[in-house]
Amino acid sequence: MMNNGTLISLSGITKHYDTGKVKVRALQGIDLEIKRGEFIAIIGPSGSGKSTLMNIVGCLDTPTAGEYLLDGRPVANMGIHQLAAIRNKKIGFIFQNFNLLPYATAYENVELPLIFAGAPGAIRKEKIMRNLSMVGLSERADHKPTELSGGEMQRVAIARALANDPEVILADEPTGNLDTRSGKEIIEIFERLNVEGRSVVTITHDMSIAERCHRIVRLKDGIIESDTRNGNKI
Amino acid sequence: MKLITYKFILFIRLLLREFKAQKLRMSLTVAAIAWGTISVTLLMAFTVGLQQQMRKASSGLGGRIMILWGGQTSKVFQGLPPGRRIHLHPEDVDLLKKRIPEIEQISEEYLRWGVTLDYNGKQINKLVSGVAPSFKDMRSHYAQMGGRFINKIDYEEKKRVIFLGTRVCEELFGNDDPVGKRILVNSIPFTVIGVMVDKLQNSNYHGPDENYTIIPATTFVAIFGDPWLDNIVFSMKEGVDSDLVEQELFRVMGGKYRFDPTDSPALWTWDLVKNKEIERKIFLGIVIFMWFIGGMTLLIAGVGVANIMYVAVRERTREIGTKIALGAQRKHIIWQFLTEALSIAFVGGLIGISFSILICSLFRALPMEGALELLSEPTVNVPVAFITVGTLAVIGLFSGIFPARKAASVDPVEALRYE
């Protein structure tokens with residue numbers, strides 16, 4: 001894995017929603033470059049466009065205008081199969097509300113991306129158990145989401161996001177529904193992942209979490225208000 | 001090959017997991033398909049069964065036969081006044097047979113009511129009919145195992161033999177085997193030669209055949225001395241127009257008894273061929289109506305299945321969104337719903353068809369009397385059953401696939417936002 005190459009490059013990204021009566025301008029021209037191995041917090045008030053930005057970066061949504069290069073290749077030119085493969089292998093997405101399948105066990109939830117990737121059984125098992133133990137839940141493999149705490153659910157979601165060894169973890173307020181202690185555990189896992197060389201981008205409202213990241217991007221009204229690395233402006 | 005097997009196993013596992021997760025919804029859909037299948041299949045099974053039984057019942061009295069009675073003239077003819085009674089005579093049988101080639105078989109019939117039958121002191125009063133051996137085929141008087149109908153020798157030699165209807169036999173003999181036993185007919189000893197098989201009969205002219213007792217016509221005349229016949233029964237050859245035969249009948253009989261061939265009250269006829277044609281048309285109407293009802297039932301069941309499938313897939317839009325966010329290809333999503341719908345249809349259809357067959361065998365096994373007997377032979381129409389299941393499966397499939405396709409086609413963020 002190259003450490004200093006540019007992984008994600010956004011230029012002039014805008015996103016407008018047309019709800020029929022009102023036009024919402026969620027993003028109004030975002031230029032952002034994310035390198036491999038970066039650990040970034042995206043902060044800003046509600047409605048500033050954080051989630052929209054994250055969804056576009058995660059290939060869950062498409063921008064109205066602007067260019068998004070992932071690994072130097074324009075995402076706009078990719079077909080649905082290619083996008084699915086990117087979501088499956090290159091990006092690990094973590095949601096505020098976990099989005100675990102309620103009827104599947106922790107093991108089966110982590111297995112999903114591996115099934116979509118077509119990984120053979122032995123490899124699946126090995127990866128699932130490695131990822132679950134990484135988030136400290138190897139004992140909980142057979143539990144369903146309803147039998148897990150919020151923090152544990154989010155850790156299952158992280159293990160699931162890591163299933164296919166993605167280059168970047170994108171987390172949309174991963175600690176938003178968690179108590180402080182559980183939130184701290186999540187951020188510690190992110191730090192470990194970052195030390196291993198993975199890029200981590202997380203949205204947060206919590207300044208104590210944002211301050212542990214190496215770079216803070218502040219959004220307001222759909223534009224980047226400030227972008228600082230270790231307290232210094234970029 | 002190995003890869004395909006492996007993918008297949010994976011698929012089944014995923015499917016079982018979904019089943020486990022959606023127990024209520026799955027069982028509801030299975031129940032809807034099973035119920036639809038049962039409704040349509042049973043409706044058609046009973047229609048087919050009823051049709052068969054009706055056909056059997058209408059041939060209970062006989063096949064292509066006509067029955068002829070004497071009447072009274074109403075027109076002046078060759079100087080003779082109207083109001084003359086026409087009686088049928090024994091020699092008319094030969095006359096008709098000789099003069100009308102369309103007639104296949106023919107038999108005279110003498111009747112006497114209130115004849116005392118006595119078996120070991122047990123006495124009942126019954127109708128006794130005197131006929132020729134050809135009566136057997138024309139009027140479906142078939143003998144049960146171990147017995148026989150009257151034959152040519154009985155007829156020619158005026159034998160004192162008697163053939164019993166089932167009810168008469170029951171009343172007189174109970175559970176005993178009557179064949180070969182002696183009974184007294186108005187104090188004259190007769191030998192029982194046979195008992196009629198049970199048959200469905202929806203029309204008669206002197207009470208149902210199960211209440212008949214039959215002896216050779218020659219024996220009848222020797223004992224009772226009747227100068228006139230009660231009626232003549234004859235069958236017509238296949239393809240013969242019964243109206244023409246009737247015209248010919250009036251011409252021949254008019255010539256002999258000297259009445260106008262157009263004087264219809266001079267003879268009474270009952271044309272079963274025409275009767276059956278009318279019956280057939282009425283029943284065709286009923287069958288068409290039943291098919292229509294069946295189609296409507298299928299439609300309603302289809303709407304039910306479609307509704308459940310559609311709601312179910314909509315409910316799972318978020319789940320679809322999650323899976324796409326995790327990198328599921330569209331085929332993963334579509335295949336999931338496709339196999340789900342197919343397995344549901346398979347299980348529901350299997351339950352529905354088995355249940356229908358079960359109910360039909362139950363009806364066949366149950367003893368049914370009287371009018372209910374018409375319902376006693378429901379027959380599952382296999383193509384109808386499969387078409388029903390197939391239709392419901394296709395409806396379920398499409399109503400599931402379309403929302404699933406839609407959910408899998410939009411940006412995942414939209415599917416994820418769906419509440």
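Here the structure is a predicted model, which is why all the values come from computation and not from measurement. A note on names: the letters A, B, ... follow the listed sequences, proteins ahead of strands, and every chain is numbered from 1.
Evaluation of the ring pair (Phe, Tyr, Trp, His ring centres under 6.0 Å) rule for B:F398 yields B:F402 as partners, not counting sequence neighbours.
Proximity to chain B among residues 42-60 of chain A is limited to A:N55, A:C59, A:L60, judged by heavy-atom separations below 4.5 angstrom.
A donor-acceptor pair under 3.5 Å links the side-chain atoms of A:N88 to the main chain of B:L326, judged by distance alone.
For CZ of A:R73, the number of neighbouring non-hydrogen atoms (other residues, nucleotides, ligands) closer than 6.0 Å is 12 at most. Within a 6.0 Å sphere centred on NE2 of A:H81, other residues, nucleotides and ligands contribute 12 heavy atoms or fewer. For B:F283, the CZ atom is densely surrounded, since the number of other residues' heavy atoms within 6.0 Å is greater than 12.
For the pair B:H332 and A:F116, the tightest heavy-atom approach, listed with the atom from each and the gap, is CE1-O, 3.6 Å. Between B:A328 and A:A84, the shortest heavy-atom contact is O-CB, 3.8 Å. Considering all non-hydrogen atoms of both residues, A:R87 and B:I324 come closest at NE-O, 3.0 Å. Contact detail for B:Q329 and A:I80: the closest heavy-atom pair is OE1-O, 4.1 Å.
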Carefully, step by step, assess B:R318 and A:N97 under the rule side-chain contact (heavy atoms from CB on, under 4.5 Å).
-> CA-CA 12 Å; B:R318 270 185 75 94; A:N97 54 7; 3.0 Å; yes

Given B:K323 and A:I115, is the side-chain contact (heavy atoms from CB on, under 4.5 Å) satisfied, shown in steps?
-> CA-CA 11 Å; B:K323 285 182 175 168; A:I115 289 174; over 6 Å; no

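Side-chain atoms of B:E414 and A:D61, non-hydrogen and from C-beta on, never get closer than 4.5 Å to each other.
Contact of A:F98 with chain B is not made at all, since no heavy-atom distance falls under 4.5 Å.
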